[in-house]
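Values below: all heavy atoms of this structure, side chains included; hydrogens, waters and symmetry mates excluded.
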Amino acid sequence: MRTNNGKIRNIIISVYFILIVAAIISSTVFSLFQNLTGSPKLTFFVLLFGFIGLFLLVHWISRYFEYDSDGMKVIVINKGLLLSDYLNYREHKVEFEKKDLIAYKFRNYLVYKSLVLYLKSRNGGSKKVSFNITLVDRRKRKYIRQSLRKMVKANQGM
């Protein structure tokens, strides 16, 4: 099974655009916010750090995810969403045999979802690998869960 969240790129670009427009609008109506704190410098820094925080949160969450379990190997890729066509940044790729999968776990936090894979390592132990799946829709996460469940079940029968 092959799946990815490549179509979410346009939504993230729209979110960045909305954040930039909101920052410009809030800077133009800066005088309205001065009444909240009394100090123009404090108001400026609160707005500045608020928008920087939102921008970094969107940047942290927005990751491209690809899952490919066709064949004997499973390939899972996480990489940056916006500039990934031009720059190979924030890439995290794991390629493993289906028989090496020990367990998996989906973790849901408030604004972040992750997939944790437990794999057999070469020295006989296990290794834990985590992937950001925040922007993968529910239906695709269900298919990934079914595929992983099938692999784990086959490995336990060995």
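Heavy-atom minimum distance, V58 versus L19: CG2-CD1, 4.1 Å. Considering all non-hydrogen atoms of both residues, D70 and R2 come closest at OD2-CG, 3.2 Å. Shortest non-hydrogen contact noted between S130 and S114 is OG-CB, 4.0 Å. Across L135 and R63, no two heavy atoms sit closer than the pair CD1-N, 4.1 Å. Taking all atoms of both residues into account, the shortest heavy-atom contact from S62 to Y16 is OG-OH, 4.0 Å.
Side-chain atoms of T134 come within 3.5 Å of backbone N or O of K113 as a donor-acceptor pair. With K99 contributing its side chain and N155 its backbone, the two residues share no donor-acceptor pair below 3.5 Å. Distance alone, capped at 3.5 Å, places no donor-acceptor pair between the N78 side chain and the K93 backbone.
Around CZ of F45, the count of heavy atoms belonging to other residues, nucleotides or ligands within 6.0 Å does not exceed 12. Enclosure of atom NZ in K127 is not indicated, since only 12 or fewer non-hydrogen atoms of other residues, nucleotides or ligands lie within 6.0 angstrom.
Through direct or indirect side-chain contacts shorter than 4.5 Å among Ile, Leu, Val, Met, Phe, Trp and Tyr, I133 is connected to M1, F65, Y67, V74, V76, V94, F96, L101, Y104, F106, L115, L117, L119, V129, F131, V136, Y143, I144, L148, M151, V152. Other members of the hydrophobic cluster containing Y118, listed by chain and number, are I102, V116; membership follows side-chain contacts under 4.5 Å among ILVMFWY residues, whether direct or relayed. Summarising the hydrophobic clusters (Ile, Leu, Val, Met, Phe, Trp, Tyr; side-chain heavy atoms under 4.5 Å, direct or chained), the residues clustered with I77 are I75.
Under the 4.5 Å side-chain heavy-atom criterion for grouping Ile, Leu, Val, Met, Phe, Trp and Tyr, I24 is not connected to V15 through any hydrophobic cluster. I20 and L48 fall into different hydrophobic clusters, where Ile, Leu, Val, Met, Phe, Trp and Tyr residues are linked whenever their side-chain heavy atoms come under 4.5 Å apart, directly or through other members. I18 and F55 are assigned to two separate hydrophobic clusters, defined by single-linkage of ILVMFWY side chains at heavy-atom distances under 4.5 Å.
The structure places CD1 of I12 at 8.0 Å from CD1 of I61, a figure rounded to the nearest 0.5 Å. Atom-to-atom distance recorded for T3:OG1 and R141:CZ is 11.0 Å, nearest 0.5 angstrom.
Between Y112 and R107 there is no side-chain heavy-atom pair separated by less than 4.5 Å.
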Under the side-chain contact (heavy atoms from CB on, under 4.5 Å) rule, what do M72 and E97 come out as? Steps first, then yes or no, please.
CA-CA 6 Å; M72 294 304 293; E97 299 282 332; 4.2 Å; yes

